Every structure is written in structure tokens, then in C-alpha cells.
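I have placed the structure first, in the form of C-alpha cells, so that the comments after it can refer back to it.
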Amino acid sequence: MSIASALGLTSGKKIRYAFVALGDITQEAMLPGVEHTGNSEVVAFVTGDSEKARLVGEKYGVSDIYSYERFDELLASGKIDAIYLATPNWRHTEFAVPALKAGIHVLVEKPLEISTAKCREILDAAKTSSAKLMVAYRLHFEPGTLATIDLIRSGKLGELLTFSSTFTQMVSPENHRAKNGVEAGPIFDMGPYPVNAARYVFGDEPIEVVSAVGVRHPEAGLGDFDDTVAVTLRFPGDRLAQFVLSYWGNTLDTYAVVGTKGSAEVNPGYMYGKPIEHVVTIGETKSHESFKNTDHFGGELKYFSDCILNDKEPEPDGEEGYADARVLEGIVQALQTKAAVTLEPFTRSKRIDTAAQREALRAQKSPELVNTSNPGKDKEKVPAN
């Protein structure tokens, strides 16, 4: 008997997924996570590389392979209930909208899209669809992140003042991220992490991109975009969020929150495959906690499938994706104009329910069965789709 069977995870219906695009995140993280869900299965691939799909399919027992051009045929086939969408950011609308119109549920990687206009196209399709839409914010299902949110909501840090973060990595000039301009650069690839973190830390939406400064290092050999970007956001109540993103620096991903009574440092803050570490200081008393490594991807996939099976609305929905895209768009505008950008008023109607997200984690099969990759990590051996 499998571990999943022993835990009673295989008794009900499984949601049938097509995975759209077989790049790094799909192969290295989401596909291995499927077996940890108990309520999800992959029955088809959609890709621009049939040979890659054949090889990956042999590993995971998937033989039904569709080209991007045959996507509509798959939607009408009756073979799938949902898609996991991991194409380049600027192709999300191309697949999410027809899927939603066909009544097929959509789990889409972040960012939702590269502009608020494109996001609205997806949201409009979701409003008139019977299908559910969720954005793959895996950290919403990670114990260390949930503990950070609970700590902040407890009031132990006092009135929150600042959020600061550094998220850096070395990206090869041969990587697809180096060849597709700003849409594939660090703002859209890495920016959703600190933007989303600042939003859930403050429980609010930024009102201004105070500044955005970009740097291009010729020795990096990257494309026509800023490989390093420093950003300052203003939140209501004069709270500030500052972060640095870079494709040209040794790997570091960390963030810190400072309040009037205490502070919390999270390092690593965004990667998967390693335990997330907390250093919390209340007054002058410092404590450290390490959170057990879990499969972020299996957790979010199980949660989404559970939402489908039980007709529940997912928390990281399309509006959550729009909220981040709104800020990323403002950052790009600030870089282009070299001036502060006032963001259009926006109020998020839903926040992370830490109790519900922990419940989604409890039924996972074996949280140790995860890879050791980083988000956005450059892997020469697996070409991105």
C-alpha cells in the first residue's frame, strides 16, 4: 500500500490536470509535487517541444501530448478538469482565458500577467466562468511564512514601520530570462516575492512607488533590461517597503520586518527546498526558529484541487495576482519615467487565512520529499518552455 493510501488520500475523485509548458518550475517542482497531493493527477502536457514532452512523459506516465496550437482541441476533449499554467509570463492570457471560457479550472504561475490590462482580461473571463482561478503563491502554504503572518497579527512586533528585502541570483546569458527584455527580467520574475510579502506583512496595499532605480552591469552579458533594481514603496500610514532584485549577484533571499516593539528576520524568505529560518527580536530578547521543509508545490496543488472538489473559492485568487501586477506595472513605469508613481486606489477583498492554509498542509504525504531548487534558479540542463 502506498503512503498516500495509508493516509486515506486516494479514496475520492482526483482532479485531472494538463500541465501547460514544461520548463524548470514544472519539471523540477510541480510534477514531483503531484504525488504528495492524493487528489490530483496529470493526464496531459501542452508544450512547444514534443520531444521534451515525450521524455518527461515517460518519467511521469503521461502520454497525451498537445502542441500549443492544439490547446483548444484539448479543452474540448473532456479529458481534463484543470490546467497548471507555467508559460512565460506574457503568454498567460493566451491560455488562461480560453480555458476559463471552456469551464476548465486554472492554476497559473505568478505573476498573473505582465500588465493590469492583461490581468483584467483573465479576471473578466473568470467572472463569467463556472471554473475557478488560482494564482500559484506557494508561500501562502509554507509554515514559516504562515508563522510570520501570525506573529505580525498577534501584535507582538507593535506598529509595523518597515519591510526590507534582498533577492539576488546569478542568471546565465544563455538562460531564456536573459533574452526576453523586461518582461522576463527580475521585476516580473523575482519581484512578485517581495511585493507579495510586503503586502501580506502590512495587510494592506501600497499607494505609491516612491522610487525605482535600475542598473545594468555590462559584465553580466544580459539583455536590454536592468539586471538590478532597487525599489521603495509607500503603504498607508507612512509604512515603507524597500527591496533589491538582481540577476547579477550571489544568491540571497531574505526579508525583515521592523515594528515599534520588535522585529523579525526571515532567511531564506522565498526559496523552496530548504527550511525557512526566523530570528525574532522582541525588545532585546532574541529567539530563533527553523521551520520544517515542506513541499510548497504539492501543498498548493492539493489545496486548489480541494477547492474544486468541494466548490470553495481559493484564497490566492485572480485578485491577488492583480494586486501584485498593479505594483509591478508601477515599478516599470517609475523606472521609465525616473519619477514617483501614484498607484490607482485598490482594496484587496481577501487575505491569507493561515488556519485554512495549514489545514491544506496537514494531509500532505511526506514533506521531506522535495527538491533543493530555488525560485527562478538558472538550470542549464532543463531548457525553460
Side-chain angles (χ1 to χ4, degrees), residues 23-25 28-29 86-92 109-116 118-119 135-139 163-199 206 209-233 241-256 266-272 321 323-338 341 373-380 384:
D24 295 354
I25 200 76
E28 299 290 326
T87 60
N89 307 327
W90 55 92
R91 297 193 70 179
H92 287 176
E109 272 300 337
K110 54 201 171 300
L112 178 58
E113 252 288 359
I114 59 169
S115 70
T116 54
K118 288 288 187 181
C119 287
V135 185
Y137 288 100
R138 56 181 172 75
L139 288 169
F163 169 95
S164 58
S165 178
T166 300
F167 194 9
T168 58
Q169 63 180 325
M170 281 288 189
V171 171
S172 166
E174 301 306 312
N175 189 283
H176 80 103
R177 295 175 181 84
K179 302 175 181 179
N180 287 288
V182 67
E183 289 85 0
I187 294 174
F188 288 100
D189 182 32
M190 304 167 75
Y193 291 92
V195 169
N196 197 257
R199 290 180 49 249
V209 180
V210 178
S211 66
V213 179
V215 175
R216 303 187 183 195
H217 296 88
E219 62 271 32
L222 301 177
D224 185 21
F225 61 86
D226 295 314
D227 58 71
T228 302
V229 180
V231 177
T232 299
L233 303 177
Q242 296 180 304
F243 54 87
V244 175
L245 308 167
S246 184
Y247 274 2
W248 182 244
N250 195 49
T251 299
L252 178 65
D253 72 302
T254 182
Y255 66 88
V266 185
N267 184 0
Y270 311 121
M271 70 171 54
Y272 54 89
D324 282 347
R326 163 183 174 269
V327 182
L328 299 175
E329 187 175 65
I331 292 169
V332 172
Q333 184 180 345
L335 280 173
Q336 293 171 342
T337 62
K338 301 186 186 307
V341 172
S373 305
N374 294 348
K377 186 177 180 181
D378 177 26
K379 296 183 181 67
E380 304 285 355

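Small disclaimer: the values here were computed from a predicted structure and weren't measured.
- Inspection of the Y270 and S165 side chains reveals an N or O donor paired with an N or O acceptor under 3.5 Å.
- Taking CG of D189 as the start and CZ of F167 as the end, the distance is 7.5 Å to the nearest 0.5 Å.
- Looking only at distances, no side-chain donor or acceptor of D324 sits under 3.5 Å from a matching main-chain atom of P111.
- When side chains are defined from C-beta on, E219 counts as touching W248, because their heavy atoms get closer than 4.5 Å.
- Minimum heavy-atom separation, E183 to F188: O-CB, 3.5 Å.
- Residues passing the salt bridge (Lys or Arg N to Asp or Glu O under 4.0 Å) test with D226, sequence neighbours excluded: R216.
- Side chains of T232 and Q242: a donor on one and an acceptor on the other come within 3.5 Å.
- Contact between Y137 and G321 at its shortest, heavy atoms only, is OH-CA, 3.5 Å.
- The closest donor-acceptor contact from the side chain of R326 to the backbone of P206 lies under 3.5 Å.
- Of all the heavy atoms in V209 and I331, the pair that sits closest is CG2-N, 3.9 Å.
- Using a distance-only test at 3.5 Å, with no hydrogens or angles considered, a donor-acceptor pair links the side chain of D253 to the main chain of M271.
- Taking each heavy atom of G330 and V341 in turn, the nearest pair found is O-CG2, 3.8 Å.
- Atom CG in L139 sits 6.5 Å away from atom OH in Y193 (nearest 0.5 Å).
- Listed by chain and number, the residues in a side chain to side chain contact (heavy atoms under 4.5 Å, CB included) with Q336 are V332 (sequence neighbours excluded).
- At least one donor-acceptor pair under 3.5 Å links the side chain of D227 to the backbone N or O of H217.
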List the steps, then state whether side-chain contact (heavy atoms from CB on, under 4.5 Å) holds for N180 with W90. CA-CA 10 Å; N180 287 288; W90 55 92; 3.5 Å; yes

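- Between R199 and A323, the closest heavy-atom pair is NH2-CB, 3.2 Å.
- The distance from atom CG of L222 to atom CD of E174, rounded to the nearest 0.5 Å, is 10.5 Å.
- Here the CG atom belonging to N250 is positioned 11.0 Å from the CD atom belonging to Q169, to the nearest 0.5 angstrom.
- To the nearest 0.5 Å, the span separating CG on L233 from CZ on F243 amounts to 5.0 Å.
- In summary, the side chains of S246 and T228 do present a donor paired with an acceptor at a separation below 3.5 Å, with no hydrogens or angles considered.
- The structure places CE of M190 at 12.5 Å from CG of L328, a figure rounded to the nearest 0.5 Å.
- With contacts defined as side-chain heavy-atom distances shorter than 4.5 Å, the pair L335/I187 qualifies.
- In terms of heavy-atom proximity, H92 sits nearest to L112 at ND1-O, 2.9 Å.
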